[in-house]
A.B. asks: 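Structure below; questions to follow.
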Amino acid sequence: MSRSQIHAFLATILAALILLTAASTTASAIEPIKIARDDVALDLSKAVEIHRGQGDVFQVSTAPDVDGIVRRIEVEAQDARSTGDWAVFALANTTEQQLDRLIVAPHFRLVGSGLFWPDLGSQRIAAITPSAGFTLDRQESPDADEFLVTLNPGSVVTFVAELSSPNLPQVYLWDPASYKDTVNAYTLFRGIVIGIAGLLALFLTILFVVKGTSMFPATAALAWAVLAYISIDFGFLNKVIEISPGNEQIWRAGTEVGLAATLVVFLFAYLNLNRWHDHFSYGVLAWILGLVIIAGFAIIDPAASAGIARLSFAATAVIGLCIIVYLSLQGYDRAIMLVPSWVMIIAWLVGSWMAITGALDNDIVQPAIGGGLILIILLIGFTVMQHAFAGGALFQGLFSDMERQALAITGSGDVVWDWDVARDRVITRPDVSKQLGLPAGSLNGPARNWLSLLHTDDRDTFRTTLDVVLEHRRGRISQSFRLRGADGHYHWFALRARPVIGSDGQIIRCVGTMVDVTEQKKAEERLLHDAVHDNLTGLPSRELFLNRLDAIIAIARTEQKVRPTVFVIDIDRFKQVNDELGISVGDTILLTIARRLHRLLKPRDSLSRLSGDQFAMILLSEQEPARIAAVADAVKQAIRTPVTFARREIVLTPSIGLISWTSAQASAEEMLKDAELAMYQAKRFGGDRIEPFRPAFRSIGNNRLRVESDLRRAIERSEMKLAYQPIIRLSDQSIAGFEALLRWEHPRRGTVAPADFIPVAESSGLIVPLGLFAMQQAAEDLYRWQKQVGDLPLFMSVNLSSRQLIRRDLVGDVRSVIARSGIQPGSFRLELTESLVMDNPEQSAHVLQKLKQIGIGLSLDDFGTGYSSLSYLSSFPFDTIKIDKSFLEDTTPRGIVLVRSMVKMAQELGLSVVAEGVADEHDAEQLKQMGCEYVQSFLFGLPESADGIQKLLFEQTTAAKA
């Protein structure tokens, strides 16, 4: 074969392949939809080809044009919302006229939306590109994607749509005028439906405000949920509030969840299910909480939330149907009245299920579903209103006054008491005999039959009252009495009756009511008992004790054999028991002690509880001093006997004061007071002892004037001394300074504790000279130590009282002390407590600023135990804070954190820290690690005299040099 023949053969094969390719392409090309001029609306949904995952550039073959030519076009995505999915369809204008049409893709379509993860709507088409011409213009519409297309006569155009969501449920081709008319028609329908829903929701809300029972707010909530759902479904809500694009799904899911939740609430409230079983309440509460959580989840996944809400609505409808049928068979009227409404709900549910699954597929299904929902709410509202107005105004004014009074008596449950005087016959309705457990009619008969059942204390009063009414032929019977029941117990009744006068002026009958007031009388007795008895032990209170003692003393004045002895018993350190073991354990111990003491009593004796851990006893059974002492010792031993609690033995001791009556005692109050003085004296001696009263006890504790008088001369007589407690530097455990402590060595009383004379000095104003003495003496001792031992960097802290702080001369006194002693101002400090500073913070700040200008140091004592006014701390010019020992005693993690926070705060404020009351080296090491500079406690040094401190400083200096 020649070369030319080979070329011709290859050309023939190539042409055949081209024709074959063209034929196959034409066969697979999209089929165009033919449009006639009279076509109003064409459903393009089934003619659209969906191509998924094609990316931003898409190539497709066009439909054959009028010449049968198939072209290949390439379309590039023009919108950022494109998903990479594309839809292709073709239109053919078979007329000889130019046609304008609207391509419409609804955002939401209930039909075929699905039950699980339903399609809640979104923008469907981002843009449409025709095979010939320019991209189609989008028309403004909130509910659908609308594009206007113009088709030339006899043309065939292929359209490529960029999808902005994976689904394209429906695409329609509308005649613009017809589409406008249809939209307007639906708008009118939707407006009517929304108006009815809004009026119904408002009316039910007003009904709820007027009536207030639980079914009305539940019904109103359901109506508002339906209104919200309809407003979203009909596109009305975005006209009221601005809903940003992409959030329609969240709103739609939220309304569906709300609809499901309010239906559950309505069913529960209307049928009043909580009255049938508590499990209904728990189940509904869990159901509602679950739907609330689902409503919140709608922000993340609206489709899943809507699917669960639809399932919940269906479950509520089915379960509700079962409950309604069951309760209707039981004759429950509310359930019976709800049957028509629930049948409509079931029918609506079936229609909705057919719509969302696609079994019903037409354009009127969705509006019909919304309208049906409104009809259901109308029927439910009508059912609820039947309850609202049942028994209302229609029945008012139908009763006479006598009938109204009879109904009132019947409704109150009182017993009608009717005494026919002429026949002497008493009748009670209902029969009070049954209430007393007696045979029926036992009390129906003559009035004298009542006397045998009346309490002996009430018989004469009852008989006299009836006789007086009969004699005077007027008045009222108002009496309370007791009737004995079959079990022997008495019942209290209150009788209120009035006589009925006949035409002859005589009483023909007495009519009234009887009310059982047994519970009220018992309550009164309990209140009376509790008013004069202790609630815990049941023992008489202080008031009843004094009343009894007064009565006994009155008898003792005339009877020689009556000589009462009063014991006052206090439990030693009982507060510690409460603090360590708890109040409940303390109450148990008090009950045990009360029972033990009660066993010691004889019939004439009496026991009382005066206060928390104090008891009092009146002893009448013993007169001899030896026997009285034996009773006191028995009381002591009864309390000392260990109390076993939770496998732990608790041993308590008493302080007992006693006094026997003599004619010198004028009243019970004085006698009890003397016994208490004896008890307090027993406590002063250490407790666990018995102390008879002596007249000298009355003067103990009342020597305030003598203390004040001795205190005025104490400084002149050189009785006031200073003791110095070292303040240790933690870094090297050297002495950094001292706190000056005031001591009083009384020539007759010995060492007087500061707690005994400082309050007297404060109230009398003597604290001013005492404070000035302490400052001057401390400054002079510090100067002497520094001269003799060496110029050591020591400081001296002196406590300042409230009287000193408010004095105008305080600043001058401090200047004078520093000048006379010769010390450096920086080595002298004044200590103030938080409560002292906060008594008058403005005045305190002013005085402290002036003191700071002198150059002395200022220390805040007992930090954290007073007001802890941290906001004021920066306002006061303190150099140092002293952490109270109570914080260091708290070894719990909380206490450690609190101390660490105090130290850190002080460091950040530039303050030094002194920790008081350090118990051991471990605590000191912890404080050092926290950054605390100083400690002051008995562990590092006891308060010493000036000479002892000088010796201590000398030893420290010598050791440092060595």
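The first residue in the sequence is number 1, and the count goes up from there.
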A.B. asks: Is there a side-chain contact between Ile727 and Phe940 (heavy atoms, below 4.5 Å)?
C.D. replies: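 Heavy-atom side-chain distance check fails, nothing below 4.5 Å.
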
A.B. asks: More than 12 heavy atoms of other residues, nucleotides or ligands under 6.0 Å from NZ of Lys636: yes or no?
C.D. replies: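 Atom NZ in Lys636 is packed in, count exceeds 12.
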
A.B. asks: Run the side chain to side chain contact (heavy atoms under 4.5 Å, CB included) test on Arg496 and Ser478 for me, step by step, so that the C-alpha distance in whole Å, both residues' side-chain angles and the decisive distance to 0.1 Å come before the verdict.
C.D. replies: CA-CA 5 Å; Arg496 303 291 183 268; Ser478 180; 3.3 Å; yes

A.B. asks: Who passes side chain to side chain contact (heavy atoms under 4.5 Å, CB included) against Phe462, sequence neighbours left out?
C.D. replies: Trp450, Leu451, Leu454, Leu466, Gln479, Phe481, Leu495

A.B. asks: Ignoring hydrogens and geometry, is there a side-chain-to-backbone donor-acceptor pair from Thr565 to Ser660 under 3.5 Å?
C.D. replies: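 No.
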
A.B. asks: At their closest point, which heavy atom of Tyr724 faces which heavy atom of Gln777, and how far apart are they?
C.D. replies: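 Distance-wise, the nearest heavy atoms are OH-O, 3.7 Å.
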
A.B. asks: Has Ser442 got a side-chain atom pairing as donor or acceptor with Leu438's backbone, closer than 3.5 angstrom?
C.D. replies: no

A.B. asks: Quick check: do Val635 and Met617 have side-chain heavy atoms less than 4.5 Å from each other?
C.D. replies: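 Yes; the side chains approach each other to less than 4.5 Å.
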
A.B. asks: Between Ser608 (side chain) and Pro540 (backbone), is there a donor-acceptor pair under 3.5 Å?
C.D. replies: yes

A.B. asks: Residues in ring pair (Phe, Tyr, Trp, His ring centres under 6.0 Å) with Phe574, at least two apart?
C.D. replies: none

A.B. asks: Under the side chain to side chain donor-acceptor pair (under 3.5 Å) rule, what do Ser859 and Ser797 come out as? Steps first, then yes or no, please.
C.D. replies: CA-CA 8 Å; Ser859 179; Ser797 293; 5.5 Å; no

A.B. asks: To the nearest 0.5 Å, how far apart are CG in Leu591 and OG1 in Thr537?
C.D. replies: 7.0 Å

A.B. asks: For the atom pair NZ (Lys928) and CD (Glu925), what is the distance rounded to the nearest 0.5 Å?
C.D. replies: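 Reported value, rounded in 0.5 Å steps: 5.5 Å.
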
A.B. asks: Using salt bridge (charged side-chain N to carboxylate O under 4.0 Å, His left out) as the criterion, list what pairs up with Arg689, not counting sequence neighbours.
C.D. replies: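 Arg689 satisfies salt bridge (charged side-chain N to carboxylate O under 4.0 Å, His left out) with Glu691 only.
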
A.B. asks: Hey, does Thr518 have a side-chain heavy atom less than 4.5 Å from the side chain of Lys522?
C.D. replies: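 Yes - at least one pair of side-chain heavy atoms lies under 4.5 Å apart.
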
A.B. asks: May I ask you to decide if His455's main-chain N or O and Arg484's side chain share a donor-acceptor pair within less than 3.5 Å?
C.D. replies: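 Here the side-chain-to-backbone pair does not exist.
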
A.B. asks: Can you list everything that forms a salt bridge (charged side-chain N to carboxylate O under 4.0 Å, His left out) with Asp570? Sequence neighbours excluded, please.
C.D. replies: Lys683

A.B. asks: Take Ile593 and Ile571, measure what side chain to side chain contact (heavy atoms under 4.5 Å, CB included) needs, and give me the verdict at the end.
C.D. replies: CA-CA 10 Å; Ile593 292 174; Ile571 311 301; 4.0 Å; yes

A.B. asks: Find out whether Glu831 and Leu860 are in side-chain contact, i.e. whether some heavy atom of one side chain is under 4.5 Å from a heavy atom of the other.
C.D. replies: no

A.B. asks: Counting heavy atoms not belonging to His491, are there more than 12 under 6.0 Å from its NE2?
C.D. replies: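 Atom NE2 in His491 is crowded, with more than 12 foreign heavy atoms closer than 6.0 Å.
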
A.B. asks: For residues Leu722 and Ala778, report the shortest heavy-atom separation together with the two atoms involved.
C.D. replies: CD1-N, 3.6 Å

A.B. asks: Among Ile569, Leu597, Asp534, exactly one meets side chain to side chain contact (heavy atoms under 4.5 Å, CB included) together with Arg609. Which residue is that?
C.D. replies: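 Single side chain to side chain contact (heavy atoms under 4.5 Å, CB included) partner of Arg609 among Ile569, Leu597, Asp534: Asp534.
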
A.B. asks: Where is the tightest heavy-atom contact between Ala740 and Asn799, given as atom of each residue plus distance?
C.D. replies: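 Where Ala740 meets Asn799 most closely, the heavy atoms are O-ND2, 3.8 Å.
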
A.B. asks: Which residues satisfy the side chain to side chain contact (heavy atoms under 4.5 Å, CB included) test with Ile555, sequence neighbours excluded?
C.D. replies: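 Ile555 satisfies side chain to side chain contact (heavy atoms under 4.5 Å, CB included) with Glu559, Val562 once adjacent residues are dropped.
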
A.B. asks: My understanding is that only residues two or more places apart in sequence, or in another chain, count here; which of them pass side-chain hydrogen bond (donor to acceptor under 3.5 Å, both in side chains) with Asp460?
C.D. replies: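 Listed in chain order: Arg463.
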
A.B. asks: Say you draw a straight line from CD1 of Ile659 to CG of Asp674; how long is it, rounded to the nearest 0.5 Å?
C.D. replies: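 Atom-to-atom, Ile659:CD1 and Asp674:CG are 4.5 Å apart.
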
A.B. asks: Distance only, no hydrogens: is a donor on one side chain within 3.5 Å (strictly under) of an acceptor on the other, for Arg640 and Thr653?
C.D. replies: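 Thr653 and Arg640 do not have a side-chain donor-acceptor pair below 3.5 Å.
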
A.B. asks: Should the pair Lys721-Glu944 be classified as a salt bridge under the 4.0 Å nitrogen-to-oxygen rule?
C.D. replies: no

A.B. asks: Output yes when a side-chain donor or acceptor of Ser945 lies under 3.5 Å from a complementary backbone atom of Ala723, and no otherwise.
C.D. replies: no

A.B. asks: Show your working on side chain to side chain contact (heavy atoms under 4.5 Å, CB included) between Val903 and Arg900 and close with a plain yes or no.
C.D. replies: CA-CA 5 Å; Val903 174; Arg900 183 180 289 111; 5.8 Å; no

A.B. asks: Could you tell me whether the side chain of Leu888 reaches within less than 4.5 Å of the side chain of Leu927, counting heavy atoms only?
C.D. replies: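 Leu927 reaches Leu888 side chain to side chain.
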
A.B. asks: Taking all non-hydrogen atoms of both residues, which atom of Leu607 and which atom of His598 are closest, and how far apart?
C.D. replies: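 Taking Leu607 first and His598 second, the nearest heavy atoms are CD2-N, 3.9 Å.
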
A.B. asks: Evaluate Leu770 against Met720 for side chain to side chain contact (heavy atoms under 4.5 Å, CB included), listing each step before the verdict.
C.D. replies: CA-CA 8 Å; Leu770 285 177; Met720 306 305 299; 3.9 Å; yes

A.B. asks: Side chain to side chain donor-acceptor pair (under 3.5 Å), that's the test. Do Gln936 and Lys882 meet it? Break it down for me.
C.D. replies: CA-CA 9 Å; Gln936 177 183 347; Lys882 299 185 76 173; 2.7 Å; yes

A.B. asks: Within a 6.0 Å radius of atom CZ on Arg713, are there more than 12 heavy atoms belonging to other residues, nucleotides or ligands?
C.D. replies: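 Enclosed: over 12 neighbouring heavy atoms sit under 6.0 Å from CZ of Arg713.
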
A.B. asks: May I ask you to test the Val913-Thr880 pair for a side-chain heavy-atom distance under 4.5 Å?
C.D. replies: no

A.B. asks: Taking Ser621's backbone N and O only, do any of them form a donor-acceptor pair with Asp605's side chain (distance below 3.5 Å, no angle check)?
C.D. replies: yes

A.B. asks: Within the structure provided, determine whether Leu898 and Phe887 are in side-chain contact (heavy-atom separation under 4.5 Å).
C.D. replies: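 Yes. Closest side-chain heavy atoms under 4.5 Å.
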
A.B. asks: Does the side chain of Gln435 come within less than 4.5 Å of Phe493's, by heavy atoms?
C.D. replies: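 SC-SC contact between Phe493 and Gln435 confirmed.
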
A.B. asks: Nearest 0.5 Å, please: how far is CG in Asp710 from CD in Glu719?
C.D. replies: 7.0 Å

A.B. asks: Roughly how far apart are Arg459 CZ and Thr461 OG1, rounded to 0.5 Å?
C.D. replies: 12.0 Å

A.B. asks: Considering non-hydrogen atoms only, spot the tightest contact between Val798 and Ala774 and give its length.
C.D. replies: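 Result for this residue pair: CG1-CB, 4.2 Å.
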
A.B. asks: Could you tell me the separation between the CG atom of Leu436 and the OH atom of Tyr490, rounded to the nearest 0.5 Å?
C.D. replies: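 Going from the CG atom of Leu436 to the OH atom of Tyr490 covers 11.5 Å.
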
A.B. asks: Can you give me the closest heavy-atom contact between Trp744 and Ala714, atom names plus distance?
C.D. replies: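 Looks like NE1-CB, 3.6 Å.
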
A.B. asks: Does Glu669 form a side chain to side chain donor-acceptor pair (under 3.5 Å) with Ser667? I'd like the steps, not just the answer.
C.D. replies: CA-CA 5 Å; Glu669 188 74 40; Ser667 66; over 6 Å; no

A.B. asks: Checking the side chain of Glu622 only, and the main-chain atoms of Leu619 only, is there a donor and an acceptor separated by less than 3.5 Å?
C.D. replies: no

